[in-house]
There are 2 protein chains.
Amino acid sequence: MNTNKLSYIEESGLFFEKLGLTRMAGRALGYLMICDRDAVSFDEIREALDASKGSISGTAKMLVNTGLVDAVSLPGDRKTYYRVSRTRVGDMLRQRISMFEAYSELLLKGKSLKSRTDETSEWLDETARFYSRVSAELHKLIDHWESGAQPVKSDHSKKKKKKKSKK
Amino acid sequence: MNTNKLSYIEESGLFFEKLGLTRMAGRALGYLMICDRDAVSFDEIREALDASKGSISGTAKMLVNTGLVDAVSLPGDRKTYYRVSRTRVGDMLRQRISMFEAYSELLLKGKSLKSRTDETSEWLDETARFYSRVSAELHKLIDHWESGAQPVKSDHSKKKKKKKSKK
DNA sequence: CATTTAGTTCACTAATTATTGAACCTAATG
DNA sequence: CATTAGGTTCAATAATTAGTGAACTAAATG
């Protein structure tokens, strides 16, 4: 594999590590993104990343469980293949949104525990409302995008891009 | 301190730990939110959290550096006091948005490294455009909110402010 | 100048976690 | 049935990191 691709794989490893995956999972995902193949076997991933079977085993499970990667099996072939998930683009964001909601709730709970009203309680209240709003707007944005403003899944029809209506 | 507040502090510790702070920093922030005092000294925090000076020292620096907490000093008093930051509500979100932008760029870079067009490259492109859009919309939302759609900072209008005179 | 106050710094401990590599498992194949 | 392919599991290692506590510093106070 060429140097650019190898360093992309490392970059991807570091990026997803920041998001809470393991570095190895980030590497594997980066590899799947750029490897120009429809699906890649367990052992091909292991070799490309120069890692142990144990590590790839855990990594593959993690990526499939979080929905970032799809496992693919083929008739007459006992290997498992992997590829970047065909899920909708918003799926990853939805998880993040739940953090905003949890934050909003944490702030409101904090406010309710206070026994006086002060600038901090006002801040708690406003910030909670803000993140609640952020969450709602993001859900709207995802729904709008996924409802066809942009084509998403391979749908076996002709790819014609419909223009987005102005918001 | 009552049990509810103590467990809120722990809950806050765990929450912010998930966001990448230390557990102690999350505890401190939770404590500042609910402690019903205008500002709290280093040693009061240390005592409330039953932690070491070293830990609170690092924690206080971290919270002030990330803008979540303001340090306050008073004339004729050599202690440093801390309180939940008076920054605008969007400040914390802005940092998160930069991750969406970084993600979008990572995906586009991945696409550019591919030597063929396939479903994965379409996915890379669309997902990149989606997160770029998410980022833009969030910036708009923050600007709108902070520009006065909702009151944010203690301004110099009708809100009455209390003077601190502690010693 | 000596003491006190308010923190800072740092070596160490404790805890967690990713990765390895070898042993193990199980379904398919010879 | 024995072997092999394709993983899974787990004990051990490596690496990172939070928190402690004691030694230290710098500024204010007596």
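Heavy atoms only: backbone and side chains are in, while hydrogens, waters and symmetry mates are out. Order of the sequence lines fixes the chain letters, A, B, ..., with proteins taken first and strands second; residue numbering starts at 1 for each chain.
For A/R27 and C/dA18, the CZ to C1' distance is 10 Å, given to the nearest whole Å. Put simply, CZ on B/F42 is 15 Å from P on C/dT5, counting in whole angstrom units. When rounded to the nearest whole Å, the span between CG of B/L49 and C1' of D/dG19 equals 12 Å. Going from atom CG of B/L63 over to atom C1' of C/dG7 covers 16 Å, rounded to whole Å. Taking atom CG on B/L74 and atom P on D/dA28, their separation rounds to 15 Å, with Å as the unit. With rounding to whole Å, A/R78 atom CZ is found 6 Å from D/dT4 atom C1'. In this structure, CE of A/M62 is placed 16 Å from C1' of D/dT8, rounded to the nearest angstrom. Atom CZ of B/R46 and atom P of D/dG19 are 15 Å apart (whole Å).
When distances are taken from the side chain of A/K53 to each of D/dG7, D/dT20, C/dA6, the shortest belongs to D/dG7. Nearest to the side chain of B/S57, among D/dA18, C/dT20, C/dT9, sits C/dT9. Side-chain atoms of B/T22 lie closest to D/dG19 of the nucleotides C/dT19, D/dT20, D/dG19. Closest to the side chain of A/S52, from the set C/dG7, C/dA28, C/dT19, is C/dT19. Distances were taken from every side-chain heavy atom of A/T80 (C-beta onward) to each of D/dT20, D/dG7, C/dT20; the shortest belongs to D/dG7. Of the candidate nucleotides D/dG19, C/dT9, C/dT19, D/dG19 has the atom nearest to the side chain of B/R23.
Each of A/G76 and A/I56 has a nearest nucleotide on DNA chain C; the 5'-most of these lies closest to A/I56.
The closest donor-acceptor contact from the side chain of A/S112 to the backbone of A/K109 lies under 3.5 Å.
Using a 30° and 60° split on the angle between ring planes, A/W145 and B/F130 fall in the perpendicular class, above 60°.
A salt bridge links A/K5 with A/D36: at least one charged nitrogen is closer than 4.0 Å to a carboxylate oxygen.
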For this session: Could you walk me through whether B/S7 and B/E10 pass side-chain hydrogen bond (donor to acceptor under 3.5 Å, both in side chains), step by step?
Result: CA-CA 5 Å; B/S7 71; B/E10 294 307 313; over 6 Å; no
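Using a 4.0 Å heavy-atom criterion, one finds that A/A51 contacts the sugar-phosphate atoms exclusively.
Considering only side-chain N and O atoms, A/K79 lies nowhere under 4.0 angstrom from the phosphate OP1 or OP2 of D/dA5.
Side chains of A/E44 and A/S41: a donor on one and an acceptor on the other come within 3.5 Å.
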